[in-house]
Amino acid sequence: MTQANAPACPRSTLVITAHAGDFVWRAGGAIALAASRGEKVTIACLTFGERGESAKAWREGKKLDEIKALRRDEAERAADTLGAEVRFFDAGDYPLLVTPELTDTLVEVYRATQPDVVLTHPAEDPYNGDHPAAHRMALEARVLAQAIGYPGEGEIIGAPPVFYFEPHQPEMSGFRPEVLLDISEVWETKRKAMECLAAQRHLWDYYTDLAVRRGVQLRRNAGPNLGLAHKTMAEAYMRPYPQIAKELA
């Protein structure tokens, strides 16, 4: 087969998340949409959320290793439901520390996955320092992975666009819903993935309600005549870098 006739590689999405549940609550719709189009989605899960995101398990008397195993199983089942591959780094949460070693590992992930799109946490979250830590390493590794002289395995990457997914308390985290993504067609898939996370069952309804509210905003901004479903479900994102375009749309 000649190079000209070689099949195109599927688009690649890289999701860098602090804890085992973050990618489901905040970006499960985007992940499911990408997977439904045949795109490759890789989730880099830096911690299991074993200390700070697993209160129910601690109250039940479970030990640290048991909680890690529980959260890993939940995240694997959620990722499988969404159609994504998840890689765990067990870096330890509360606090998640920014380290050169973990950043180097993310450089390797960038170069291995060659993402067309990157999803991660925004820079601010006064309620959870692990999220800004993940953000910092995600963006630093993206820049380093582009540098031809930076050591490491794999080919350098381009400059994939970055989207910040919505934090739990957006009003306190400097978050602006600049992009509203219609996830109506994959909402049931996202909801099933959410229900894999029994350790954080208290968030199931919260993120369902949030998808409804963002869907209302999507319809309002799209106009009345686009044939959108009456009950549109949506996720919100921010963009830290300029959008590249040849026309305004």
Side-chain angles (χ1 to χ4, degrees), residues 11 13-39 41 43 53 74-75 77-84 86 116-125 127-128 131 135 161-198 200-241 243 245 248-249:
R11 279 173 53 87
T13 296
L14 176 60
V15 185
I16 300 177
T17 179
H19 308 113
D22 294 339
F23 70 88
V24 183
W25 314 121
R26 294 159 168 77
I31 293 169
L33 278 173
S36 73
R37 295 191 294 263
E39 300 178 18
V41 184
I43 301 161
E53 308 261 306
E74 290 183 351
R77 287 188 287 110
D80 185 65
T81 298
L82 296 171
V86 59
D116 297 285
V117 174
V118 177
L119 309 180
T120 194
H121 299 272
E124 298 179 43
D125 190 336
Y127 295 96
N128 193 321
H131 297 155
H135 157 90
V162 177
F163 292 85
Y164 296 160
F165 39 66
E166 185 167 1
H168 189 65
Q169 300 206 43
E171 302 89 346
M172 303 300 295
S173 302
F175 182 85
R176 301 184 307 277
E178 297 170 340
V179 178
L180 294 170
L181 179 67
D182 188 343
I183 62 168
S184 303
E185 66 184 85
V186 295
W187 167 250
E188 292 303 323
T189 300
K190 177 173 179 175
R191 177 69 193 202
K192 288 177 183 176
M194 287 165 53
E195 291 176 1
C196 293
L197 305 177
Q200 294 178 285
R201 184 170 184 152
H202 60 287
L203 294 177
W204 294 1
D205 288 343
Y206 176 90
Y207 280 99
T208 298
D209 293 343
L210 179 61
V212 172
R213 292 198 303 275
R214 292 307 189 195
V216 171
Q217 294 167 349
L218 186 152
R219 292 199 309 275
R220 176 63 181 84
N221 284 277
N225 299 313
L226 297 184
L228 295 174
H230 177 67
K231 187 174 182 181
T232 304
M233 309 296 273
E235 290 174 344
Y237 294 87
M238 276 181 67
R239 298 196 66 166
Y241 301 116
Q243 178 178 346
L248 295 179

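Residues: numbered from 1 along the sequence shown.
- Partners of R77 under the salt bridge (Lys or Arg N to Asp or Glu O under 4.0 Å) rule, at least two apart in sequence or in another chain, are D73.
- The shortest side-chain heavy-atom distance between V24 and C196 does not fall under the 4.5 Å cut-off.
- Note that CE of M172 and CG of D125 are 10.0 Å apart. Values are rounded to the nearest 0.5 Å.
- Annotation: ring pair (Phe, Tyr, Trp, His ring centres under 6.0 Å) contacts of Y241 (sequence neighbours excluded): none.
- Under the rule for a side-chain contact (heavy atoms from CB on, under 4.5 Å), the partners of A79 that lie at least two apart in sequence or sit in another chain are F23, I43, V86.
- Between atom OH of residue Y206 and atom CE of residue M194 there is a gap of 11.5 Å, rounded to the nearest 0.5 Å.
- Looking at heavy atoms from C-beta onward, W25 lies out of side-chain contact with E235 at the 4.5 angstrom threshold.
- For Q217, the side chain to side chain donor-acceptor pair (under 3.5 Å) test picks out R214, with sequence neighbours left out.
- For E195, the side-chain contact (heavy atoms from CB on, under 4.5 Å) partners at least two apart in sequence or on another chain are R191, W204.
- For the side chain to side chain donor-acceptor pair (under 3.5 Å) test, no residue two or more places apart in sequence or in another chain qualifies with H135.
- Counting heavy atoms from C-beta outward, R26 and H168 have side chains that approach closer than 4.5 Å.
- Under the side chain to side chain donor-acceptor pair (under 3.5 Å) criterion, R37 pairs with E39, not counting sequence neighbours.
- Residues that satisfy the salt bridge (Lys or Arg N to Asp or Glu O under 4.0 Å) test with E178, not counting sequence neighbours, are R176.
- In terms of the side-chain contact (heavy atoms from CB on, under 4.5 Å) criterion, residue partners of A20 (sequence neighbours excluded) are, by chain and number, C45, R71, A75.
- Scored by the side-chain contact (heavy atoms from CB on, under 4.5 Å) test, V212 finds K231, M233 as partners (sequence neighbours excluded).
- Take F165 and apply the ring pair (Phe, Tyr, Trp, His ring centres under 6.0 Å) test, not counting sequence neighbours, and it matches H121.
- We find the CG-CG distance between L119 and L14 to be 8.0 Å, quoted to the nearest 0.5 Å.
- Between the side chain of Q169 and the main chain of Y127, no donor-acceptor pair closer than 3.5 Å is present.
- Every residue was checked against the side chain to side chain donor-acceptor pair (under 3.5 Å) condition with R239, not counting sequence neighbours, and none meets it.
- Side-chain N or O atoms of S36 include one that pairs as donor or acceptor with a backbone N or O of L33 at under 3.5 Å.
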